[in-house]
Amino acid sequence: MKKRIFSGIQPSGMLTIGNYLGAIKNWTKLVDEYECIFSVVDLHAITVRQDPKELNERCISLLAQYIACGLDPEKCIMFMQSHVPAHTQLSWVLNCYTYMGELSRMTQFKDKSERHADNINAGLFTYPVLMASDILLYNADLVPVGHDQMQHLELTRDVAERFNGIYGDTFIVPDAYIGKTGARVMDLSDPTKKMSKSVPNGMVALLEEPASIMKKFKRAVTDSMGYVKFEEGRDGINNLLSIYCATTSKTIEEAEKEFEGKGYGDFKKAIAEAVIAELEPIQAKHKELMDNKDYLESIYKNGAQKANEIAQGTLKTVYEKVGFIV
Ligand code: ATP
Ligand code: LTN
């Protein structure tokens, strides 16, 4: 039997090249080897206030972007998280096996509490438990994510082990899959911060126009050293090199060689061109898919049906173990 993968992305903004290089691109490499389940995690997105109409459009566009990036709906289950009630049901149970102290240590909670100081809601706090439920519900072996999700994944493992320790083996304890390059794409205007779809300034969107992509890379913050080499403390250059390598599948050494003796101008232009070339077919496919909403609907409905079947099974086992009458 194939091992299983689960991952998801929030429809909380335009997908960035960080989401692509850190997550989706790796998913596409794993579909043949694993049984794959990918969700549009809409329930997670409302931990931050969303405009209902925009959220609705983003959910369908995100599904279209999954497919446009090369995920074959014939080979993987794709669905909307809110279409599978077991996510919130398991989440309640696991909330009772997760400590306040554990959740208060989560960096994403601290970051988002700062950015949305007027709306530090309980959902934002318990968000990692919903994420743990997403993963454990499907008994996923592997979770391909960007580096920023490592902490949430460790919490997922802790909660799974805790539950297994009390009730006997119930959940598979999942491993993270973090790519070698692209796992940590930084903001182009502040390379000390992670590129994020909810921070528009220094991000490059998957669906961005080529001219705008070129402009953003040309403006990317670098340093005054004047040569292209991956070195400690050179956040801007290191980030650009990583983006270039994750896009072209070249190694850092190969890239350093390629740009030996060249200035930042040439370097930035080459990266922008590589990114534009990679995104062009994705953008075209996305446009085509968005003109075929019936097809997209059939994908997420079919996906929800399959996901529900698996999820219901796990939920029933969990309910039995904790002592509910099932
Ligand atoms: P938000 O700004 O709403 O928090 P986000 O851009 O951080 O969103 P998520 O939906 O939280 O994106 O993440 C989806 C996937 O993309 C996760 O696997 C995450 O690790 C990965 N990811 C997000 N940002 C980056 C980044 N800058 N570099 C690499 N991977 C990333
Ligand atoms: N928490 C993730 C998104 C996410 C996820 C998941 C990723 C929600 N559920 C399950 C992997 C598996 C984020 O904020 N990037």
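Numbering of ligands and ligand atoms starts at 1, following listing order.
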Are [X] and [Y] joined in one hydrophobic group, where the rule is that I, L, V, M, F, W and Y side chains link up if heavy atoms are under 4.5 Å apart?
X      : Y      : result
Leu94  : Phe125 : yes
Val145 : Tyr34  : no
Leu136 : Ile172 : no

What part of [X], side chain from CB on, backbone N/CA/C/O, both or neither, has a heavy atom under 4.0 Å from ligand 1?
X      : result
Arg184 : backbone
Asn19  : both
Ala183 : backbone

Should [X] be counted as touching ligand 1, given the test is an N or O pair under 3.5 Å?
X      : value
Gln149 : no
Met195 : yes
Gly146 : yes
Ser196 : yes
Gly18  : yes

Do you know the tightest heavy-atom contact between Ala68 and Ile282?
CB-O, 3.4 Å

Which residue supplies the protein heavy atom nearest to [atom], what is that atom called, and how far is it?
atom                    : answer
atom 24 (N) of ligand 1 : Lys194 NZ, 3.3 Å
atom 28 (N) of ligand 1 : Val185 N, 2.9 Å
atom 8 (O) of ligand 1  : Lys197 NZ, 3.0 Å
atom 7 (C) of ligand 2  : Gly8 O, 3.5 Å
atom 11 (O) of ligand 1 : Gln10 NE2, 3.2 Å
atom 1 (P) of ligand 1  : Ser198 OG, 3.5 Å
atom 8 (C) of ligand 2  : His44 CE1, 3.4 Å
atom 3 (O) of ligand 1  : Ser12 OG, 2.7 Å

Considering only heavy atoms of [X], which atoms of ligand 2 have at least one such atom less than 4.0 Å away?
X      : answer
Ser7   : 11 (C), 12 (C)
Val145 : 7 (C), 11 (C)
Val143 : 11 (C), 12 (C)
Gln10  : 13 (C), 14 (O)

Sub-4.0 Å atoms of ligand 1 with respect to non-hydrogen atoms of [X]:
X      : result
Gly182 : 29 (C)
Ala23  : 15 (C), 16 (O), 18 (O)
Gly22  : 29 (C), 30 (N)

In Å, rounded to the nearest 0.5 Å, how long is the span from CZ of Phe217 to CD of Glu273?
11.5 Å

Determine, using heavy atoms of Gln81 and all atoms of ligand 2, whether some pair is separated by less than 4.0 Å.
no

Is there a side chain to side chain donor-acceptor pair (under 3.5 Å) between Glu57 and Ser61? Walk through the geometry before answering.
CA-CA 6 Å; Glu57 279 160 13; Ser61 166; over 6 Å; no

Side chain to side chain contact (heavy atoms under 4.5 Å, CB included) assessment of Ile237 paired with Met225:
CA-CA 10 Å; Ile237 291 296; Met225 315 275 275; over 6 Å; no

For the residue pair [X] and [Y], does the interplanar ring angle fall in the parallel (under 30°), tilted (30 to 60°) or perpendicular (over 60°) class?
X      : Y      : value
Tyr127 : His152 : tilted
Tyr138 : His87  : tilted
Phe163 : Tyr97  : perpendicular

The single option from Lys197, Lys215, Lys216 passing salt bridge (charged side-chain N to carboxylate O under 4.0 Å, His left out) against Glu208:
Lys216

Is the positively charged end of Arg234 above the ring of Tyr227, judged by distance under 6.0 angstrom from the centroid and angle within 45° of the axis?
yes

Should Lys269 and Asp266 count as an ion pair when the cut-off is N to O under 4.0 Å?
no

Polar proximity ligand 2 side, Gln149 side, N/O cut 3.5 Å exclusive:
yes

Determine the sole option in Ile5, Leu137, Asp134, Ile310 for which the side chain to side chain contact (heavy atoms under 4.5 Å, CB included) test with Ile37 is passed.
Ile310

Apply side chain to side chain contact (heavy atoms under 4.5 Å, CB included) to the pair Lys194 and Val185, showing each step before the final yes or no.
CA-CA 6 Å; Lys194 159 185 122 122; Val185 176; over 6 Å; no

Assess [X] for proximity to ligand 1: is some non-hydrogen atom of it under 4.0 Å away?
X      : result
Ser7   : no
Asp148 : yes
Lys112 : yes

Would you say Gln151 and Thr107 are linked by a side-chain donor-acceptor pair, where the criterion is simply a distance under 3.5 Å?
yes

From the candidates Asp134, Ile135, Val40, the one that places a heavy atom nearest atom 12 (C) of ligand 2
Ile135

Return the option from Tyr138, Tyr127, Phe38, Phe6 holding the heavy atom at the smallest distance from atom 10 (C) of ligand 2.
Phe6

Taking it one step at a time, do Met106 and Leu155 satisfy side chain to side chain contact (heavy atoms under 4.5 Å, CB included)?
CA-CA 9 Å; Met106 297 294 121; Leu155 179 79; 4.3 Å; yes

